[in-house]
Amino acid sequence: MPEIQLLRPDHAPALLAFEQENRTYFAASIPDRGDEYFARFSERHSALLAEQQAGDCYFHLLVGAGGEVLGRVNLLDVADGGADLGYRIAERATGRGLATWAVREVCGLAANRYGLTTLRAGATLDNAASRAVLTRSGFTVVGERQFSSGPGLSYLRGLADFAAPSGAQASP
Ligand SMILES: CC(C)(COP(=O)(O)OP(=O)(O)OC[C@H]1O[C@@H](n2cnc3c(N)ncnc32)[C@H](O)[C@@H]1OP(=O)(O)O)[C@@H](O)C(=O)NCCC(=O)NCCS
């Protein structure tokens, strides 16, 4: 499995390559980031790092043996013990359980490293792969929701089963 790394300044080139190579693939399921995102990637990267530094978000990259980015799993809008989960996997790395594995790993980090108790997620009805990932990762449907790309569902997952036993120390 790839390594899960918290976003760093030096990830910028590999992350940009990942987003460029998979732009068409991602846009088939979720809204395209737009040309502006790619034109001003460096600025955007710095802004994400500042948000992460402030504890508002945690951006994780799935990094392969050669330093290539194979996916990302993000925790956004961290507040009151909760956060929004988002993820995307490189087209060439899909279909072998990577998203399911990475979501579970990040649930563990959310509980034990970031002190969160709940994660929220959403997926459009036509995104069967993403809905499968959420269901297999223990998320349950809590309502319907309208996305810019179509109707979808809201999901929630409590993290109590990931919490380290009382007295155990979260790894740094
Ligand atoms: C959705 C996404 C993250 C899945 O990544 P992945 O690594 O292939 O996911 P996994 O292999 O862990 O699991 C996907 C599951 O969905 C299933 N699946 C894939 N396409 C499917 C389809 N059209 N219908 C039903 N199930 C489907 C797979 O069979 C797999 O289940 P299985 O292991 O029981 O066979 C990836 O396709 C992606 O990045 N898509 C574009 C961005 C996106 O949609 N992000 C989520 C936003 S909500």
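Reckoned from all heavy atoms, side chains included, excluding hydrogens, waters and symmetry mates.
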Are Phe59 and Leu119 in one and the same hydrophobic cluster, where Ile, Leu, Val, Met, Phe, Trp and Tyr link if side-chain heavy atoms are under 4.5 Å apart? no
Could you state whether Phe38 and Leu49 fall into the same hydrophobic cluster, counting links through intermediate Ile, Leu, Val, Met, Phe, Trp or Tyr residues with side-chain heavy atoms under 4.5 angstrom apart? yes
Report the residues that fulfil ring pair (Phe, Tyr, Trp, His ring centres under 6.0 Å) with Tyr58, sequence neighbours left out, ordered by chain and then residue number. Tyr114
Can you list the residues that meet the ring pair (Phe, Tyr, Trp, His ring centres under 6.0 Å) rule with Phe26, with sequence neighbours excluded? Phe18
Residue set satisfying side chain to side chain donor-acceptor pair (under 3.5 Å) with Gln52, at least two apart, ordered chain then number -> none
Applying side chain to side chain donor-acceptor pair (under 3.5 Å) to Glu91 and not counting sequence neighbours gives none
Over all atoms of both residues, closest heavy-atom pair of Ala99 and Val133: CB-CG2, 3.8 Å
Between CG of Leu15 and CG of Leu48, what distance do you get to the nearest 0.5 Å? 8.0 Å
Heavy atoms only: give me the nearest Arg96-Arg92 pair and the separation to one decimal. NH2-O, 3.5 Å
Can you run down the ring pair (Phe, Tyr, Trp, His ring centres under 6.0 Å) pairs that involve residues 77-112, sequence neighbours left out, and say none if there aren't any? none
Between OG1 of Thr94 and CG of Leu70, what distance do you get to the nearest 0.5 Å? 11.0 Å
Can you check whether Pro2 reaches Val63 side chain to side chain, under 4.5 Å on heavy atoms? no
Any idea which heavy atoms bring Leu62 and Ile4 closest together, and the distance? CD2-CG1, 3.7 Å
Minimum heavy-atom distance between Leu134 and Ala123, given as atom pair plus value: CD1-CB, 4.2 Å
Would you say Val78 ends up clustered with Leu7 if hydrophobic residues are merged whenever their side chains have heavy atoms under 4.5 Å apart, either directly or through other cluster members? no
Checking Arg44 now: which residues fulfil side chain to side chain donor-acceptor pair (under 3.5 Å) with it, not counting sequence neighbours? none
Excluding sequence neighbours, so at least two apart, what forms side chain to side chain donor-acceptor pair (under 3.5 Å) with Thr124? Asp126
Rounded to the nearest 0.5 Å, what separation is found between the CG atom of Leu75 and the CZ atom of Arg120? 10.0 Å
Once side chain to side chain donor-acceptor pair (under 3.5 Å) is applied, what residue pairs with a partner in residues 141-157 remain, sequence neighbours excluded? Arg157-Asp161
Please list all pairs passing the salt bridge (Lys or Arg N to Asp or Glu O under 4.0 Å) test where one or both residues lie in residues 1-12, with sequence neighbours left out. Arg8-Asp10
To the closest 0.5 Å, what do you measure between CG (Asp77) and CG (Leu85)? 12.5 Å
Which distance, rounded to the nearest 0.5 Å, do you find between the NE2 of His60 and the CG of Leu109? 5.0 Å
Going hydrophobic residue to hydrophobic residue with side-chain gaps under 4.5 angstrom, can you get from Leu6 over to Ile89? yes
Grouping I, L, V, M, F, W and Y whenever their side-chain heavy atoms are under 4.5 Å apart, do Leu153 and Val142 come out in a common cluster? no
Any donor-acceptor N/O pair, Glu68 side chain to Gly66 backbone, under 3.5 Å: yes
What heavy-atom pair brings Leu159 and Ala110 nearest, and what distance separates the two atoms? CD1-CB, 3.8 Å
Which pairs with one or both residues in residues 122-150 pass ring pair (Phe, Tyr, Trp, His ring centres under 6.0 Å), sequence neighbours excluded? none
Pairs involving residues 13-27, ordered by first then second residue, that meet side chain to side chain donor-acceptor pair (under 3.5 Å) (sequence neighbours left out): Glu19-Arg33, Glu19-Arg72, Glu19-Arg88, Arg23-Asp32, Arg23-Asp35
Rounded distance (nearest 0.5 Å) linking atom OG1 of Thr118 with atom CG of Asp84: 11.5 Å
His45: what forms a ring pair (Phe, Tyr, Trp, His ring centres under 6.0 Å) with it, not counting sequence neighbours? Phe41
